[in-house]
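Bear in mind that the values here come from a model prediction, so they are computed numbers and not experimental data. Reminder, nothing fancy here: chain letters follow the sequence lines and each chain counts from 1.
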Amino acid sequence: MAKVVFQGNEYETSGLSLLDTLRSRGHDIPSGCRAGVCGGCRVRVRSGDIPPAAQQGLDEVDRAQGYVLACQTLPHSPLILDDASTLRRFETLVVANVALSDRVRELRLACPEGFAFRAGQVVQLWRDPATARSYSLAALPGDGGELRLHVARVPGGALSSWVFDQLGAGDLVTLSEAHGRCVYRAGNPGRGLLLVGTGTGLAPLQAIARDALAQGHAGPIHLYHGSHDEQGLYLRRELAALSDQHRNFHYLACISGPSSQGNDLRQGRASQCALQDHPDLSGWTVYLCGNPAMVSATRTAVFLAGASMGEIFADPFLPAGSAPPPA
Amino acid sequence: MGLYEELGGAAAVNAAVDIFYRKVLKDDRINRFFTGVDMDKQASKQKAFLTMAFGGPNNYTGLDMRRGHAHLVQQGLNDSHFNAVVENLGATLKELGVADRLIAQVAAIAETTRKDVLGQ
């Protein structure tokens, strides 16, 4: 029997599970078994005392972020549940606004006091109280005390035009706390990691790859970055250098459109090249970031190639105005 | 020891779900009923189904199953498709080295859902 806060509403559980409480109030929390097995009712607790039974079967990353199985959660004390409107906000200064290419800016922000994150997670960035967009964190904790976001120029884009045309060093910005499950999970340092991205999907992927290497990952790490043309690629030199430094890291840039001969670029879509090179992905962990159509199609393809459903982490970059993906 | 424990409980479900769902996606008799569904949601549904079929904890009623599959029945879901799913389930367990007598018990449990799933 306890109070639960969700989307600004306060409910008494009256002895019901969190799932039953929320569903009885009209919230469409998905569920598949009501028995703590299928993971469908996973929600995130942002504050409160989490009963141990509520997290049974969840992995370390999910536990650390406060995820629970709603059907197994019988709160004994007040819980505040997460949703986008309850994300903490931080103000910080722009340290630099660097052009990584004609189309991509790296926004470097001073890391605010008390800001915790893992490489590959996502933040919301506000241009004004009504205008925010999601960006993945491209730096690792400890990367010179800075947060880094990769912003692609979107024609007519409210946030990207602000970043490209107005924002500069010394400006104050507001961003949310970091969230997301697309992170490196330690515990299996020998497994293969396949990372496939398009556009600024490279931001979280290269961060996850570097995070894995920093944590001593010994298994093969293969990063495929795809673009229609050469101008859509970036960080090529840095990633080539990373390949030179680490025997188990491999970077492949792929061009899906026509390209000139005699360069080190693979012809074809990043996802196609990845699956050609790795037809058997059993035992691999796969990260997919960027174009939603690519992410959706490639998820199925890598699953059919043997990757386990639980080892496929997808972060589709949905355009503004789409419903946010579930937490 | 109950069937669920004998099969290996939640670990058995986790081992089976990927193999089972891959078979379903590759089976042209039934894969059209599974396309266009978000993979995360599918993973949950498949785990729930396997848990139930393995004799594990499950709190879904016959009515839940009728409602959940009604739109598929409208798309033509029938006995042949149900049979195909049970066939894939059996093949999955065989691949995992499960004894025939246990596979038969799982099939029997799955069979009890036929009328509700197909809205008969």
Under 3.5 Å, what donor-acceptor pairs does chain A form with chain B?
unit_1: A/Ser31; atom_1: O; unit_2: B/Tyr60; atom_2: OH; d: 2.9
unit_1: A/Cys33; atom_1: O; unit_2: B/Asn59; atom_2: N; d: 3.3
unit_1: A/Arg34; atom_1: O; unit_2: B/Asn59; atom_2: ND2; d: 2.7
unit_1: A/Arg34; atom_1: NH1; unit_2: B/Asn59; atom_2: O; d: 3.4
unit_1: A/Cys38; atom_1: O; unit_2: B/Ser44; atom_2: OG; d: 3.4
unit_1: A/Gly40; atom_1: N; unit_2: B/Ser44; atom_2: OG; d: 3.3
unit_1: A/Arg299; atom_1: NH2; unit_2: B/Asp40; atom_2: OD1; d: 3.1
unit_1: A/Phe303; atom_1: O; unit_2: B/Arg22; atom_2: NE; d: 2.6
unit_1: A/Gly306; atom_1: O; unit_2: B/Arg22; atom_2: NH2; d: 3.0
unit_1: A/Ala307; atom_1: O; unit_2: B/Arg22; atom_2: NH2; d: 2.9
unit_1: A/Ser308; atom_1: OG; unit_2: B/Asp18; atom_2: OD2; d: 2.6
unit_1: A/Met309; atom_1: N; unit_2: B/Asp18; atom_2: OD1; d: 2.9

Quiz item: Which pairs count as side-chain hydrogen bond (donor to acceptor under 3.5 Å, both in side chains) when at least one residue sits in residues 197-207 of chain A, sequence neighbours excluded?
Solution: A/Gln206-A/Arg210

Quiz prompt | Residues forming a side-chain contact (heavy atoms from CB on, under 4.5 Å) with B/Ala43, sequence neighbours excluded | solution = A/Met309

Quiz item: Among all residues two or more places apart in sequence or in another chain, which pass the side-chain contact (heavy atoms from CB on, under 4.5 Å) test with A/Ala209?
Solution: A/Leu195, A/Ile221, A/Phe249

Quiz item: What part of A/Ala314 is in contact with chain B, defined as an atom under 4.5 angstrom from a non-hydrogen atom: side chain, backbone, both or neither?
Solution: neither

